[in-house]
Visitor: 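Sharing a structure here in structure tokens format.
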Amino acid sequence: DAGVIQSPRHEVTEMGQEVTLRCKPISGHNSLFWYRQTMMRGLELLIYFNNNVPIDDSGMPEDRFSAKMPNASFSTLKIQPSEPRDSAVYFCASRPTSAVNIQYFGAGTRLSVL
Amino acid sequence: QQPVQSPQAVILREGEDAVINCSSSKALYSVHWYRQKHGEAPVFLMILLKGGEQKGHEKISASFNEKKQQSSLYLTASQLSYSGTYFCGTERGDDKIIFGKGTRLHILP
């Protein structure tokens with residue numbers, strides 16, 4: 001199994017630009033989570049999907065952030081326009097259909113907004 | 001609400017024991033423990049469900065006191081490979097895991 005795949009691994013962009021982060025969950029997993037990690041705030045849940053449907057986006061910082069899951073094998077997190085305070089590592093995680101919530105994380109995307 | 005972990009950082013010599021604590025102000029359904037090595041993704045260690053059972057993973061075990069909404073992670077006879085940041089995550093039965101800020105563990109040879 002390839003695990004959760006995120007791309008790109010690193011992204012450097014200038015303030016105001018649009019940024020799109022991508023995630024491919026583990027095949028057969030029906031839930032997908034987007035997290036943001038910073039030194040100050042730790043690992044924060046931004047949004048999660050069940051069966052491609054957004055369930056809770058209360059962690060999304062503001063309207064500049066949006067996430068989609070058009071099918072079971074792909075999700076995107078978009079920031080438009082990006083700001084320097086968005087610099088962080090963004091993780092995607094997926095979990096299988098089971099009674100126990102064990103999440104498998106991707107390697108993350110390190111975003112730097114200059 | 002984010003659980004509180006203590007201590008924030010620990011430095012041990014190989015072979016020593018450590019305890020990492022996690023507490024929440026809310027009633028919990030389960031507690032999760034993950035370990036993250038520098039520059040890598042968090043990796044699942046164990047989950048403790050409501051019921052107070054203790055789980056083990058190699059020489060790492062954990063307990064969950066649901067009355068006190070607290071969990072502790074026990075690392076016995078620590079190895080160099082245990083170095084990393086340990087996160088506890090709390091879940092209230094809605095699939096959302098809220099992670100603490102982490103405890104950095106450094107093992108010296």
Side-chain angles (χ1 to χ4, degrees), chain A residues 1-7 9-10 21 23-26 29-60 69 88-110, chain B residues 1-9 20-24 26 28-51 53-57 60 62 64 71 84-105:
Chain A
D1 197 331
V4 176
I5 299 173
Q6 291 188 245
S7 64
R9 290 295 312 277
H10 302 276
L21 311 181
C23 175
K24 176 179 168 54
I26 294 172
H29 286 196
N30 72 327
S31 296
L32 183 140
F33 305 81
W34 281 101
Y35 291 91
R36 178 173 67 176
Q37 186 174 40
T38 61
M39 288 295 293
M40 287 292 291
R41 302 169 74 97
L43 199 57
E44 301 174 275
L45 176 65
L46 299 177
I47 184 172
Y48 78 95
F49 296 82
N50 269 351
N51 297 316
N52 313 337
V53 176
I55 301 301
D56 189 327
D57 65 354
S58 59
M60 296 286 260
M69 192 164 185
V89 180
Y90 291 82
F91 287 103
C92 172
S94 69
R95 67 165 277 204
T97 305
S98 74
V100 179
N101 187 358
I102 296 175
Q103 297 184 14
Y104 297 82
F105 283 74
T109 295
R110 182 173 294 276
Chain B
Q1 194 163 0
Q2 195 173 38
V4 177
Q5 288 186 234
S6 63
Q8 290 185 330
I20 300 172
N21 300 303
C22 174
S23 65
S24 172
K26 305 283 186 182
L28 302 175
Y29 172 76
S30 61
V31 177
H32 306 242
W33 287 96
Y34 284 72
R35 178 171 63 202
Q36 184 180 30
K37 293 190 177 285
H38 184 68
E40 299 181 9
V43 174
F44 171 79
L45 287 178
M46 64 189 76
I47 181 172
L48 298 107
L49 302 175
K50 196 173 175 180
E53 61 181 301
Q54 189 153 343
K55 290 273 193 175
H57 173 81
I60 301 173
F64 176 24
S71 177
T85 301
Y86 290 77
F87 292 94
C88 80
T90 54
E91 185 188 359
R92 301 182 65 195
D94 57 357
D95 272 358
K96 289 171 60 172
I97 299 178
I98 307 300
F99 287 97
K101 290 191 175 179
T103 295
R104 293 187 307 280
L105 177 65

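We use all heavy atoms of the structure for the numbers below, so side chains are in, but hydrogens, waters and symmetry mates are not. Small disclaimer: the values here were computed from a predicted structure and weren't measured. Within every chain, numbering begins at 1; the chains are lettered A, B, ... in the order of the sequence lines, protein sequences first and strands thereafter.
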Visitor: Could you tell me whether a side-chain N or O of B/Gln5 sits under 3.5 Å from a main-chain N or O of B/Cys88, the two making a donor and an acceptor?
Guide: yes

Visitor: Tell me which of these, B/Ile97, B/Thr85, B/Ile98, B/Val43, has more heavy-atom pairs under 4.5 Å with chain A than the rest.
Guide: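 Result: the option with the highest number of such pairs is B/Ile97.
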
Visitor: Relative to chain A, which segment of B/Glu40 carries a heavy atom at a distance below 4.5 Å: side chain, backbone, both, or neither?
Guide: backbone

Visitor: Verify, without hydrogens or angle tests, whether A/Asn101 (side chain) and B/Asp95 (backbone) share a donor-acceptor contact under 3.5 angstrom.
Guide: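 Side chain of A/Asn101 to backbone of B/Asp95: a pair is present.
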
Visitor: By a 4.5 Å heavy-atom criterion (distance strictly below it), what part of A/Ser58 contacts chain B: side chain, backbone, both, or neither?
Guide: side chain

Visitor: I'd like to know which of A/Gln103, A/Met40, A/Arg110 tops the heavy-atom pair count under 4.5 Å against chain B.
Guide: A/Gln103

Visitor: Sort out for me which of A/Gln37, A/Met39, A/Arg41, A/Gln6 touches chain B most, counting heavy-atom pairs under 4.5 Å.
Guide: A/Gln37

Visitor: Using the test ring-ring contact (aromatic ring centres under 6.0 Å, His included), find all partners of A/Phe49 that sit at least two apart in sequence or belong to another chain.
Guide: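 For A/Phe49 there are no ring-ring contact (aromatic ring centres under 6.0 Å, His included) partners, ignoring immediate neighbours.
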
Visitor: I need the residue from B/His32, B/Gln2, B/Lys96 with the largest number of non-hydrogen atom pairs under 4.5 Å to chain A.
Guide: B/Lys96

Visitor: Is the A/Phe33-A/Tyr48 ring centre distance short of 6.0 angstrom?
Guide: yes

Visitor: When you measure from the side chain of A/Ser31 to the backbone of A/Asn50, do you find a donor-acceptor pair of N or O atoms at a distance under 3.5 Å?
Guide: no

Visitor: For A/Leu45, is it the side chain, the backbone, both, or neither that has a heavy atom closer than 4.5 Å to a heavy atom of chain B?
Guide: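 It is the side chain, since no backbone atom gets that close.
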
Visitor: Does A/Ala107 have any side chain to side chain contact (heavy atoms under 4.5 Å, CB included) partners at least two apart in sequence or in another chain, and if so, which?
Guide: A/Arg9

